[in-house]
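Remember, it's 1-based here, ligands and their atoms both numbered in the order they're listed.
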Amino acid sequence: MQLIFLPVSTQAAVPKYMPNIAENINCVTARIAAATKATDHNANNIALLAVSKGQPLSAIQQAYQQGLRRFGENYLQEALDKKNQLADLADIEWHFIGPVQSNKTRKVAENFDWLHTIDRIKVAKRLNEQRPQELAPLNVCVQVNINNEDNKAGVTPEALSEIAIAITKLPRLKLRGLMAIPKATSNIEEQRHAFAKLAKLLKQLQNLSPELATLDTLSMGMSGDLEAAIAEGATLIRIGTDIFGQRQPSKHSN
Ligand SMILES: *Cc1c(COP(=O)(O)O)cnc(C)c1O
């Protein structure tokens, strides 16, 4: 390791905790590979979504340089500012993973490739009307409140088929699958149980109709539970902290 001595004035400006994003991405990639070994999935088929909320532009640029192309944001204004400033990185695929208020659907429809958090038919209909014709249909996942938590967004398992069928009738949306944020727990059996429930719901949907048979996405797994998610069939994992380190608390609402 090389020691770099900085003048005192610059030292003060260096954050206490400087994540090594390249190293972190290698580490996450190795965890994905290890977790897929025990499954019949191929690590290359698991999409890594880098969750960059609360992170500076430079962090996204570094992850981009390491080859990541999928970025996820939770807060609309923060996301739009970043997308504007990174417009030259034109092959970034932007995912919106925060809650969508019905008066904010137009900006989501106009600016994102994916939305992971649909849980109301009304919002789906608005997005369908507002998706610009020159863009491909918006890829969407229905969010399921998999542990039935009072304070969490998402449809109940019972309400899932109705909204899924409604979305298949909206031509400017492309229903890709399901997303969940299970109750936080460090118990791997509890983690797996919640993810297994989501995987089962996807299977049941796929068997309902030809339009639903093509669903191909289970958006599940974050920094603390990606192994359990992959064990239960995740196709897309959403990783923030373990790529970028601690984030700034958001100054934005939505
Ligand atoms: C913030 C967030 C993540 C990333 O969480 P980490 O624990 O930092 O990996 C993933 N998904 C959603 C929906 C989030 O809001």
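In the hydrophobic clustering of this structure, L198 does not group with M179; members are Ile, Leu, Val, Met, Phe, Trp, Tyr whose side-chain heavy atoms approach within less than 4.5 Å, directly or through other members. Both I46 and L215 belong to a common hydrophobic cluster when Ile, Leu, Val, Met, Phe, Trp and Tyr are linked at side-chain heavy-atom distances under 4.5 angstrom. At a threshold of 4.5 Å between side-chain heavy atoms, the hydrophobic network of Ile, Leu, Val, Met, Phe, Trp and Tyr places L218 and M222 in two separate groups.
Around ligand 1, the residues contributing at least one heavy atom under 4.0 Å from the ligand are V51, K53, N74, I97, M179, I181, M222, S223, R238, I239, G240, T241, R247.
Taking the side chain as every heavy atom from C-beta outward, M220 and I237 never approach each other to under 4.5 Å.
A salt bridge is absent between E93 and R69: the closest approach of a Lys/Arg side-chain nitrogen to an acidic carboxylate oxygen does not fall below 4.0 angstrom.
Here the options are F112, Y75, W114, the test is ring pair (Phe, Tyr, Trp, His ring centres under 6.0 Å), and the partner is F96; only F112 passes.
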